[in-house]
2 protein chains.
Amino acid sequence: MRSSDLPEVRELALFESMSAECFESLMRVAYLQTFPGQLELIAEGDPADFLYIVIEGSVELYAKSNGREATMSIVRPVGTLILAAVLKDAVYLMSARTREKSKILLIPSEDIRAAFRQDNDFARAIVVELATAYRGIVKEYKDLKLRSSVERLANRLLRFHEDQGGNGSVELPDDKKILASQLGMTPENLSRAFNTLKPYGVEVDGALVRLTDLSSLRRLAKPNPLIDSPST
Amino acid sequence: MRSSDLPEVRELALFESMSAECFESLMRVAYLQTFPGQLELIAEGDPADFLYIVIEGSVELYAKSNGREATMSIVRPVGTLILAAVLKDAVYLMSARTREKSKILLIPSEDIRAAFRQDNDFARAIVVELATAYRGIVKEYKDLKLRSSVERLANRLLRFHEDQGGNGSVELPDDKKILASQLGMTPENLSRAFNTLKPYGVEVDGALVRLTDLSSLRRLAKPNPLIDSPST
DNA sequence: GCCGACGATTGATTTTTATCAAGCCCCACG
DNA sequence: CGTGGGGCTTGATAAAAATCAATCGTCGGC
């Protein structure tokens, strides 16, 4: 494919400082594919053959062990999956499935590693990307270790609220089932957690949540920038 | 200080491919200091002024929120703390305290970032270090999200056992209080978890644990290389 | 050598969370 | 149009984990 097909990829922080030459040669070996929904793109344990970049749609990263399964995160356009495995030439630690029909760019990992060796600016961009990803998961780990499930939900709602402009209402971006798994609880418990938050001005109507008493919700949630702010 | 003072630092994966020149100039601005035990080196939220490298002793990384506190990890010689914050020029997400009298090398973060800009081999070494750290915490997050506390303990014991040569007995590297916090449980619950493992051949005597029925313990723990193996 | 602090353990109890079961609603599909 | 399945909720119950309280033992400091 040609790089002109995907200006938005070129604008990714990961690629924008890359030399034109390197970028072109990466794009030449890349595949742009459209996948149906609910398709397993990656199974954990498989060798990392490709770097995946979500162009349209969305992808769920999840992990399994014994019979259990947990959603790790949702990747939306334009975002990359599992850069760390690609760089280390290791196996994937997480599985990935499309949530809906999605357009994905696949770049062979050997070519990513070659570009990383050749292009110093690219190597530096990767460092920033990895450092950001690392700090992101540190925050999620703290969230899970230091808070109860009701607190996690309250803080997540406040974060959504801020992301969405902060006008008192929130649109849940995914199914409640997935939200529950992201927050480390069962769907039943998520439902009950919403009920617990009712006295704090949380009114649920399907995917729409109204926050009618923010100060009281904040008092309960005690949001912490070192856990909740998106990119500190 | 002179680089000849610390051959073991030069041998760190992070520094070994660095140019002699860059390494020398980093070492010139570095401080080697000895701290007493139980001293708070870093408070989360502070700007990342230094990269810390543990030369002797050990350092506990922990996080706080509301009243609660959780141990994130223990760094032993020769290991680095909070590289990601240094590279992003951000605030620390975790606090750090010495566990015992410890010798620490401090390198101003601005100098680390300068070296990262100048020395391409160093930039690449950082990528590997960060990717490894990222995958490490992904595993811990999976551990916490997908297993019960007894399973976490069983798997941790099996990992210690392997690290220590696998001769049927295990020496716990830290206080049980810290082990409990690392595993995401209270000390009381750790004690009870050891008791529930007794039928699986786990005999505790202080910091010494004897594993007398490995196959039965493994059957319970169901170790998973994508969670438990140190550096996959 | 004694005291006090702290780690560890145990028991009793409460809180939190998961599991099991049933029912509702809505939408896609025949 | 009806029907079936999936997402969601609710209730009842069970399991897991935390909390509170008390005790024991050890070790360092006075």
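Heavy atoms only: backbone and side chains are in, while hydrogens, waters and symmetry mates are out. Letters go in sequence order (proteins before strands), and every chain restarts at 1.
Proximity note for Thr186(A) (side chain, C-beta onward) versus dA8(C), dA18(C), dT9(C): the nearest is dA18(C).
Atom pair Asn189(A):CG and dT17(C):C1' shows a separation of 5 Å (rounding to whole Å applied). Put simply, CG on Leu190(A) is 16 Å from C1' on dT19(C), counting in whole angstrom units. We find that CD1 of Ile178(B) is positioned 12 Å from C1' of dG7(C), with the value rounded to whole Å.
Checking Glu40(B) against Tyr62(B) by side-chain atom types alone, a donor-acceptor pair falls below 3.5 Å. There is no side-chain donor-acceptor pair under 3.5 Å between Lys101(B) and Thr34(B).
Salt bridge status for Arg97(B) with Glu69(B): present, with a side-chain N to carboxylate O gap under 4.0 Å.
Applying the salt bridge (charged side-chain N to carboxylate O under 4.0 Å, His left out) rule to pairs touching residues 73-87 of chain B yields Arg76(B)-Asp174(B), sequence neighbours excluded.
No side-chain donor-acceptor contact under 3.5 Å links Lys142(A) to the backbone of Ala70(B). Of the possible polar contacts, one joining the Lys139(B) side chain to the Ser229(B) backbone as a donor-acceptor pair under 3.5 Å is found. Side-chain atoms of Arg99(A) never come within 3.5 Å of backbone atoms of Ser58(A) as a donor-acceptor pair (strictly under, hydrogens ignored). Not a single donor-acceptor pair under 3.5 Å links the side chain of Ser102(B) to the backbone N or O of Phe35(B).
The stretch residues 58-70 of chain B has no heavy atom under 4.0 Å from DNA chain C, so no residue of it qualifies as close.
The number of heavy atoms from other shown groups lying within 6.0 Å of CD (Gln164(B)) is above 12. Atom OH of Tyr141(B) sits in a crowded spot, with more than 12 heavy atoms from other residues, nucleotides or ligands closer than 6.0 Å. Within 6.0 Å of atom CD in Glu100(B), more than 12 heavy atoms from other residues, nucleotides or ligands are found, so the atom counts as buried in its surroundings.
Taking for each of Arg152(A) and Gly206(B) the nucleotide of DNA chain C with the nearest heavy atom, the 5'-most of the two is the partner of Gly206(B).
Of the options Arg152(A), Arg218(A), Arg147(A), Arg156(A), a salt bridge (Lys or Arg N to Asp or Glu O under 4.0 Å) to Asp228(A) is made by Arg147(A) and by none of the others.
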Atom pairs under 3.5 Å: protein N/O with N/O of nucleotides 12-15 of chain C:
from	atom 1	to	atom 2	distance (Å)
dA12(C)	N6	Arg192(B)	NH2	3.0

Using nucleotides 25-30 of chain C, report all nitrogen or oxygen pairs with the protein that are shorter than 3.5 Å.
none

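Asp175(B) comes within 4.0 angstrom of sugar-phosphate atoms only, judged by non-hydrogen atoms across all strands, and of no base.
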List the steps and the verdict of salt bridge (Lys or Arg N to Asp or Glu O under 4.0 Å) for Arg68(A) and Glu151(B).
CA-CA 13 Å; Arg68(A) 284 153 277 189; Glu151(B) 290 170 322; 2.9 Å; yes
Evaluate the salt bridge (Lys or Arg N to Asp or Glu O under 4.0 Å) criterion for residues Arg159(A) and Asp143(A): first the C-alpha distance (whole Å), next the side-chain angles of each, then the deciding distance (0.1 Å), finally the verdict.
CA-CA 13 Å; Arg159(A) 196 200 306 184; Asp143(A) 190 44; 5.7 Å; no
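When side chains are defined from C-beta on, Phe194(A) counts as touching Leu157(A), because their heavy atoms get closer than 4.5 Å.
Considering every non-hydrogen atom in both Ser216(B) and Tyr200(B), the closest pair reads OG-CD2, 3.2 Å.
You can see that DNA chain D meets the heavy atoms of chain B within a 4.0 Å-exclusive cut from dA17(D) to dC20(D), reading 5' to 3'.
Each end of the helix from dG1(C)-dC30(D) to dG30(C)-dC1(D) gets its own axis from five base pairs, and the two axes differ in direction by 30°, given to 10 degrees.
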